[in-house]
Q: 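This is the structure I have questions about; it appears just below.
Remember, it's a predicted structure, so these values are computed and weren't measured experimentally. Sequence lines set the chain letters: A, B, ... in the order given, protein chains first and strands last, and positions in each chain run from 1.
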2 protein chains.
Amino acid sequence: MSRRERAESELTLTERARRRQLIEATVELVAEHGYAGTSLARIAERAGITKAAVLYHFPSKDAVVRAAHEHVLTALVAEVATAVEAAEPARGPAAYIRSMIGHLREHPRHTRMITEAMTNDAAKHESAERWRPLAQILEAAGPNPRADLRTLAIIISGGIDAIVAEQLGDPAYDTAAAAEQLVALVETELSS
Amino acid sequence: MSRRERAESELTLTERARRRQLIEATVELVAEHGYAGTSLARIAERAGITKAAVLYHFPSKDAVVRAAHEHVLTALVAEVATAVEAAEPARGPAAYIRSMIGHLREHPRHTRMITEAMTNDAAKHESAERWRPLAQILEAAGPNPRADLRTLAIIISGGIDAIVAEQLGDPAYDTAAAAEQLVALVETELSS
DNA sequence: GTCTATACCCCGATAGAC
DNA sequence: GTCTATCGGGGTATAGAC
C-alpha cells in the first residue's frame, strides 16, 4: 500500500536488528507452516517478544510477511541479474532459467516463502513485473519471428514455478535436469 | 483424509440440496474473496443458515472448501477427458491444452477456486495426479526421444496455470492465442 | 434428521501503562 | 521499546430444540 516511511539509514541500531530478526523468524515459519499457519504470536515467540511488540516494529502482520518476502526476493533477483548480465545475450534465457532454478534449489526455505507470497493477496505484484524482464531478455537473445514474447515469458515463468514446486513435494526430483530440458525447449523455440 | 462415508444415493434429499447449495455459495465466495476471505459465517449467511448448521453438513470449513474444489475440478476433468478422447492420439496434447485453457476462460469463477485450492494446504493433491495423465497423453502422441515426459508434463501444466493466472489479472489477455502458442511449442518439441 | 444457541480458544489489532 | 488488557471475528465443539 504505502512506501517505506523512513529510509534504512534513519532506523535505530536495535530497530534494524529487531527487523532483521523478525524477518528471519518469519521466513522460517512461513517455510515450515505456510502463510496461514504463521501467526503473530509464533513470530513473536521465536523472537522472544510479544505480539504487540512485533506490531510496534511493523504496522501489521501483512507488513511483516511482505518485508520477509521482499528480503528473499531481493536476493533472488540479484543473483539472477548477475548471471544474466555475465552471459552473452544469446544465452541470456538459459542463464535466467538455470540461475533461478538453481537459486531456489539451494534455498528451499526461500522457495516456500516466495510461492506462498505469490498467492496471498499481498501479491499485488503486477504479474507484468515478472514477465517483462524475461521478455526483454528473450528479445535481446535475438529476433524471434513466431512467438509473442509476453506469452513466451509467461509460459517459461510458469514452467519454472512448476519445476520448483515439484521439488517441494518430491525432494528427489532432479530440478537441474528439468532446468536443462526447459532450456532446450526454449532454445529450440527461439531458433524456430 | 478419510473417504466419503456414505454413498451419494444414501443421502437425504434435503441433505443433497443443502450440500449443493453450500458448494455453490462457496465457489462464488472463494472466487470473489479468495480462500482466506471466505469464512463459515459468510457461507452460512449466503445459504440462509448458521455457521453450526454448515458444520452439520460438513465436518469442517476445509471440508466445505475441498468439496467445492472437487465439484469444480470434476467438471474440468470431464471436459478435458472428452476433448482428448475425441482427438486422434497425435493431437492429444493439443486437445488437452486447448480444452483446459478454454474451459477455464469460460468459467472464471471456477478458475479462482482451482488456483486458490492449489496453494492452500488442503492441496494434499499429490502433484503426480496432475502430471501423470498428461504424461500419458504425451506418450500416446508418439515416440519422443529427447524429453523426460514427467518434466515436459510439469512444464506444460505450469505454462497453462501461468496463462490462466495472467488472464485473471488482465482480462484483456488473449488466452486462446496463448494456448495456440503453447500448442506450437509442444508440438515442435515432440517432433524434435 | 435438521438445525439454533452458546461457549471456547486463537487470531490480528488497538489503547494505554510502565 | 515493550508490556498487559481488551476487542471483534474467526473456526470448532457440544447441548439440545424441533
Q: Name all residues meeting the salt bridge (charged side-chain N to carboxylate O under 4.0 Å, His left out) criterion together with B:Glu45; count only those two or more places apart in sequence or in a different chain, and write none if there are none.
A: none

Q: Between B:Thr50 and C:dC3, is there a contact of a side-chain N or O with OP1 or OP2 at under 4.0 Å?
A: no

Q: Restricting to salt bridge (charged side-chain N to carboxylate O under 4.0 Å, His left out), what partner residues turn up for B:Glu32, sequence neighbours left out?
A: B:Arg46

Q: Aromatic rings A:His110 and A:His103: how do their planes relate, parallel, tilted or perpendicular, breaks at 30° and 60°?
A: perpendicular

Q: I'd like to know if the side chain of B:Thr111 and the backbone of B:His107 have a donor-acceptor N/O pair within less than 3.5 Å.
A: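 Yes; at least one donor-acceptor contact below 3.5 Å.
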
Q: Between A:Glu116 (side chain) and A:Tyr35 (backbone), is there a donor-acceptor pair under 3.5 Å?
A: yes

Q: Can you measure A:Leu22 atom CG to D:dG1 atom C1' for me and round it to whole angstrom units?
A: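 It works out to 13 Å between those atoms.
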
Q: Write down the distance between CD (A:Glu45) and P (D:dC3), rounded to a whole number of angstrom.
A: 13 Å

Q: What is the distance from CZ of B:Arg18 to P of C:dT2, rounded to the nearest Å?
A: 10 Å

Q: Roughly how many Å is it from CD1 in A:Ile43 to P in C:dG12, rounded to a whole number?
A: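 Rounded to whole Å, this separation is 8 Å.
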
Q: Report yes if at least one side-chain N or O of B:His57 is closer than 4.0 Å to OP1 or OP2 of C:dC3; otherwise report no.
A: yes

Q: Without decimals, in angstroms, what is the distance between B:Leu13 CG and C:dT2 C1'?
A: 14 Å

Q: With a 3.5 Å distance limit and no angle check, can you tell me whether A:Thr12 reaches the backbone of A:Glu15 through a side-chain donor-acceptor pair?
A: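 Between the backbone of A:Glu15 and the side chain of A:Thr12 there is no qualifying donor-acceptor contact (under 3.5 Å).
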
Q: With respect to the phosphate group of D:dT2, does any side-chain polar atom (N or O) of A:Tyr56 fall under 4.0 Å of OP1 or OP2?
A: no

Q: Determine, for nucleotides 8-18 of chain D in 5'-to-3' order, which nucleotides have protein heavy atoms under 4.0 Å from the base (write B), from only the sugar-phosphate (write S), or from neither (write -).
A: --SBB------

Q: Which whole-number value in Å describes the distance from A:Ile49 CD1 to D:dT4 C1'?
A: 15 Å

